[in-house]
Number of protein chains: 2
Amino acid sequence: MLEKDPRNISCSTCLRRKENLLSGIMGEEVEHLEDHKTCNYYKKNQYLFVEGSFPRGVFCINEGKVKIFKRGDGGKEQIIQIAKGGDLVGFRAMFTEDAYKVSAETLEECNICFIRKEDFLPMLDTNPMLRNGILKELSRELADRADFITNMAQKSVRQRLAFSLLLLMEIYKDEPINISREDMANFVGTATETLIRLLKDFKEEGIIEINIRKISVLDSKKMLYVSGH
Amino acid sequence: MLEKDPRNISCSTCLRRKENLLSGIMGEEVEHLEDHKTCNYYKKNQYLFVEGSFPRGVFCINEGKVKIFKRGDGGKEQIIQIAKGGDLVGFRAMFTEDAYKVSAETLEECNICFIRKEDFLPMLDTNPMLRNGILKELSRELADRADFITNMAQKSVRQRLAFSLLLLMEIYKDEPINISREDMANFVGTATETLIRLLKDFKEEGIIEINIRKISVLDSKKMLYVSGH
DNA sequence: TGTAAAAAATGATCATTATCAATATTTTAG
DNA sequence: CTAAAATATTGATAATGATCATTTTTTACA
């Protein structure tokens, strides 16, 4: 259970901030951030923003997981990314001055801070470290997505699932992976039924363990092998 | 046939530059650019850079098409993007201070200018317009790749081919699309044989016309319909 | 805490697309 | 201009993965 009134989260002491893109912010800029950010508790399955709407600022996840996804023409979700504590979410659309091209929804209860555009963008001009960090981050994500596309095009569903489970393992750290079969299928890019069958295979092969819906990877070496990497 | 000694290409009068990210460069910065850039003629199938190598600068395509691709674990290429005259290529890896994650190879003869890192990066600090342009461009491409991933996951090969042909149509402007079946298959993310069969279908349906290997889209409205968008 | 709704799991079937093999056409280089 | 190499095309077959229908389990909440 998370703190439901997270207003006391402080930027100056926030450990998340010290490890993310905002770590370059110093002195009075931190104070300004602290005074102007808001922080809210989100239940599971709440939207942060929706495809087509216009960005008002950037979200900084303190606790919890958020899925970033796009709806295909049939309305089916494709999950592009799963963001976790420490990640900044939704700042890309701010630069294009365009509507969001993806949506963001919590996968579990979250504490998430919000920094308005007007408070965030000026820091780009005054803070070369932040600027460079963002350029670096955008470039890194671009490279990740080239990988994603290549995997999608060239790997079997079994291989993609294996690789996705390794990614999810990193996102969920030591905790078991706790995500609905449908979301997982929409991340891997397959049908829910196919995903469930493959999970069963992995279980029978001793690579994973399933408790109710939570998945633990038992043999990540074998998983990497199965992923074809 | 292209000019094989393109040293006379001038940044100050370059129409390509005036329409791309470098349009914000003014006055003596243009002169500096002009003095420090180099410009070369490339034959078909020449590499600009290879996955794993380290970037020394950025390429500015004056004439010709360049494929940006990644090799999957089997060595098979996945084309991520096809760059054309006016496009800047290879600047992402410069920000990550990391090796290239993709390769770039000419699809036809090209004239391409090269700006060294040392001449390019400092402009980021002095030129907010360039900086914002690049943030915008990176964000836009990130959105494009989310689309790419979603199409890859949710659309049939037939739909993806239709969509790819529309993209290629824009890239090739009025000229017929001139790209090998293998490259096209590696862009769509399918087997060459499947691609050829589908092209045949499109031809029989009157949506495209094929001359030797060059493809002209006859009915782009129908093509859009077939693409499922 | 019981019940309805949602999510997960299983089974059967079908369609799409990959793969392998062979041939035809086009391009390249001597 | 011609032979060799590369590319494009066609055919046959197999495998992967989607879809639809149904049952079981889990979750939410009155």
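To find a chain, count down the sequence lines: A is the first, B the second, and so on, and within it residues start at 1.
Considering NZ of A:K65 and CG of A:N178, their distance stands at 9.5 Å, rounded to 0.5 Å.
What separates CZ of A:R181 from P of D:dT26 is a distance of 11 Å, to the nearest Å. As a whole-Å value, the separation of A:Q159 CD from D:dA15 P is 17 Å. As rounded to whole Å, 13 Å separates atom P of D:dT26 from atom CD1 of A:I196. Remark: C1' of D:dT27 and CG of A:N211 are 17 Å apart, rounded to the nearest angstrom. For the pair A:L161 CG and D:dT16 C1', the interatomic distance rounds to 15 Å; values are reported in whole Å. We find that CG of B:N45 is positioned 8 Å from P of D:dT7, with the value rounded to whole Å. Whole-Å rounding puts the A:K200 NZ to D:dT24 P distance at 14 Å.
Using a 4.0 Å cut-off, no side-chain N or O of B:R197 falls inside it from OP1 or OP2 of D:dT10.
Remark on DNA chain C: of its neighbouring residues A:I210 and B:E193, the 5'-side contact belongs to A:I210, judged by nearest-heavy-atom nucleotide. In this structure, A:A191 and B:E182 both approach DNA chain D, and ranking their closest nucleotides by distance from the 5' end singles out B:E182.
With a 6.0 Å radius and a threshold of 12 heavy atoms from other residues, nucleotides or ligands, B:Y47 has its OH atom above the threshold.
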Exercise for the section: Test B:E109 against B:Y41 for side chain to side chain donor-acceptor pair (under 3.5 Å), laying out the working first. Expected result: CA-CA 7 Å; B:E109 46 174 22; B:Y41 168 82; 2.3 Å; yes
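The pair A:D144-A:R140 meets the salt-bridge criterion, with a side-chain N (NZ, NE, NH1 or NH2) lying under 4.0 Å from an Asp/Glu carboxylate O.
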Sequence neighbours left out, cut at 3.5 Å: what donor-acceptor pairs do the side chains of residues 48-58 of chain A make with other protein atoms?
from  : atom 1 : to    : atom 2 : distance (Å)
A:E51 : OE1    : A:R71 : N      : 3.2
A:E51 : OE2    : A:K70 : NZ     : 3.3
A:S53 : OG     : A:V50 : O      : 2.7

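Using the six-membered ring where Trp is involved, B:F91 and B:F120 have ring planes that are tilted, between 30° and 60° apart.
Boundaries of the chain B contact region on DNA chain C are C:dT17 to C:dT27, first to last in 5' to 3' order (nucleotide atom under 4.0 Å from a heavy atom).
The two residues B:C11 and B:E34 make their nearest non-hydrogen contact at N-OE1, 3.1 Å.
Across all strands shown, A:T192 has no heavy atoms under 4.0 Å from either base or sugar-phosphate atoms.
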